[in-house]
**Student:** 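Pasting a structure below so you can have a look.
First the proteins, then the strands, lettered A, B, ... as listed; each starts at 1.
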There are 2 protein chains.
Amino acid sequence: MSEETAFRMTEQRRAILETLHRVRTHPTADEVYAMVREELPRISLGTVYRNLEFLSPAGAILRLDGCGSQMRFDGTTKVHDHVRCTSCGRVDYVPGIPVTLKKTHPTVNGYEIIGHRLEYLGYCRACKRGRKRRTP
Amino acid sequence: MSEETAFRMTEQRRAILETLHRVRTHPTADEVYAMVREELPRISLGTVYRNLEFLSPAGAILRLDGCGSQMRFDGTTKVHDHVRCTSCGRVDYVPGIPVTLKKTHPTVNGYEIIGHRLEYLGYCRACKRGRKRRTP
DNA sequence: GTAATTGCAAAAATTTTGCCTCATA
DNA sequence: TATGAGGCAAAATTTTTGCAATTAC
């Protein structure tokens with residue numbers, strides 16, 4: 001009854017995974033491609049993209065998708081946080097949530113800190129409904 | 001001595017600004033284009049991009065650039081935060097910063113919350129140096 | 001052996017630019 | 001009227017996809 005999703009650990013997949021586990025730079029797909037190519041010169045960029053796409057929902061890697069792949073804009077310049085629906089990408093305001101964020105660390109890890117961004121992740125009303133229907 | 005940066009408030013710029021001030025959806029450039037086009041059908045997508053680019057550093061709008069325009073990946077799946085250099089885009093880990101984040105709000109604004117993302121913004125060591133040199 | 005996965009290359013999607021015209025200040 | 005800004009279309013970037021050939025299991 002339970003169809004195992006058969007997946008294979010190819011050289012390429014292993015190399016991508018190892019590379020991501022080794023570096024601390026949070027590389028872009030392009031950068032991963034360049035790094036893995038030193039070990040597997042014949043790997044293609046498409047394969048890198050497909051594997052990143054595959055490994056991320058599998059929980060093997062993290063995808064720092066700030067707000068999906070497109071940039072988003074906001075007419076309100078006063079400080080506020082956001083909630084983003086991880087299912088449909090919708091972004092909304094989070095008004096006045098009592099987040100106690102340690103006032104400021106002037107430097108962190110060598111960085112001169114000028115601010116922070118807090119984003120909640122979840123399911124919006126519409127997707128919540130959709131998900132409920134789909135999940136038995 | 002102080003050269004005023006002369007800029008003009010064109011119809012297009014005003015329309016883009018008004019649109020962003022009116023909606024709460026954090027639209028993408030494409031979506032802004034579609035919305036503004038209802039008022040100014042002859043506006044071009046290039047103009048929208050140029051204005052978003054212009055208005056954002058001017059402080060008139062906010063640009064939710066999660067991690068720049070490219071996606072980034074991370075081999076560490078255990079929970080941690082990030083610092084991003086707003087100058088060069090570099091992203092690093094932030095290990096064990098004592099952030100006191102209110103445990104959980106199960107729902108926020110209708111969203112079922114499953115997590116959050118905290119990102120510090122600042123200047124990395126290299127850019128800090130560069131910036132100092134440039135700023136008299 | 002079979003089907004998941006790759007390489008390649010073309011297509012799609014998103015963003016930036018050049019160039020000439022228009023119109024704000 | 002001088003020049004910042006717009007329109008248009010081409011180019012540059014980034015990501016996705018179709019398909020035949022490979023290869024892990």
**Student:** Provide, to the nearest angstrom, the distance between the CG atom belonging to N51(A) and the C1' atom belonging to dG7(C).
**Tutor:**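 After rounding, the reported distance stands at 13 Å.
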**Student:** Does Y49(B) put a side-chain nitrogen or oxygen below 4.0 Å from OP1 or OP2 of dT16(C)?
**Tutor:**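 No, outside the criterion.
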**Student:** Are R14(B) and E18(B) close enough for a salt bridge, meaning some N to O gap below 4.0 Å?
**Tutor:**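 Looking at R14(B) and E18(B), the cut-off is met.
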**Student:** Checking E11(B) now: which residues fulfil salt bridge (Lys or Arg N to Asp or Glu O under 4.0 Å) with it, not counting sequence neighbours?
**Tutor:**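 With sequence neighbours excluded, E11(B) shows a salt bridge (Lys or Arg N to Asp or Glu O under 4.0 Å) to no residue whatsoever.
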**Student:** Within this structure, what is the CD1-to-C1' distance between I43(B) and dC22(C), rounded to whole angstrom?
**Tutor:**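 Rounding to the nearest Å, CD1 of I43(B) and C1' of dC22(C) are 15 Å apart.
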**Student:** Over all strands shown, is S44(B) touching base, sugar-phosphate only, or nothing at heavy-atom distances under 4.0 angstrom?
**Tutor:**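 Since a base atom lies under 4.0 Å of S44(B), the category is base.
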**Student:** Would you kindly give the OH-to-P distance between Y33(B) and dG6(D), to the nearest whole Å?
**Tutor:**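 Answer to the nearest Å: 14 Å.
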**Student:** Establish, with yes or no, whether the OP1 or OP2 oxygen of dT23(D) is under 4.0 angstrom from a side-chain nitrogen or oxygen of Q12(A).
**Tutor:**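 False: Q12(A) side-chain N/O out of range (4.0 Å or more) of dT23(D) OP1/OP2.
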**Student:** Would you check if V83(B) and C124(B) make a side-chain contact, meaning some heavy-atom pair closer than 4.5 Å?
**Tutor:**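 Sidechains of C124(B) and V83(B): no contact.
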**Student:** List in chain and number order the residues that pass salt bridge (Lys or Arg N to Asp or Glu O under 4.0 Å) with E53(B), two or more places apart in sequence or in another chain; answer none if no residue qualifies.
**Tutor:**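 Per chain and number, E53(B) pairs via salt bridge (Lys or Arg N to Asp or Glu O under 4.0 Å) with R63(B).
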**Student:** Between the base of dG18(D) and the side chain of R50(A), is there a donor-acceptor distance below 3.5 Å?
**Tutor:**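 Side chain to base: pair found, below 3.5 Å.
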**Student:** Figure out the CZ/C1' separation between R13(A) and dA24(D), and round it to whole Å.
**Tutor:**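 In whole Å, dA24(D) C1' lies 11 Å from R13(A) CZ.
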**Student:** Atom CG of L17(A) and atom C1' of dT5(C): how far apart are they, to the nearest Å?
**Tutor:**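 So the two atoms are 16 Å apart, to the nearest Å.
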**Student:** Closest approach to the side chain of R8(B), judged atom by atom: which nucleotide of dT15(D), dT6(C), dT24(C) is it?
**Tutor:**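 That would be dT24(C).
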**Student:** Taking CZ from R37(A) and P from dG7(C), how many angstroms apart are they, rounded to a whole number?
**Tutor:**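 For the pair R37(A) CZ and dG7(C) P, the rounded distance is 11 Å.
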**Student:** From CZ of F54(A) over to P of dT17(D), roughly how many Å is that when rounded to an integer?
**Tutor:**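 In whole Å, dT17(D) P lies 16 Å from F54(A) CZ.
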**Student:** If you assign each of T10(B) and E53(B) to its closest nucleotide in DNA chain C, which residue comes earlier from the 5' end?
**Tutor:**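 By nearest-heavy-atom nucleotide position, the 5'-most residue is E53(B).
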**Student:** Please determine, for the side chain of M9(A), which listed nucleotide (dG7(D), dC25(D), dA4(C)) has the closest atom?
**Tutor:**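 Shortest atom-to-atom distance from the side chain points to dC25(D).
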**Student:** With heavy atoms under 4.0 Å as the rule, sort L45(B) into base, sugar-phosphate or nothing.
**Tutor:**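 Base contact.
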**Student:** Whole-Å distance between dG7(D) P and L40(B) CG?
**Tutor:**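 One finds 8 Å between P of dG7(D) and CG of L40(B), rounded.
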**Student:** Using side-chain contact (heavy atoms from CB on, under 4.5 Å) as the criterion, point out the one residue from L40(A), V32(A), T10(A) that pairs with I16(A).
**Tutor:**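 Exactly one option meets the side-chain contact (heavy atoms from CB on, under 4.5 Å) with I16(A), and it is V32(A).
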**Student:** Please evaluate the base of dT6(C) for a donor-acceptor partner in the side chain of R42(A) within a cut-off of under 3.5 Å?
**Tutor:**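 Checked by distance alone, the answer is no.
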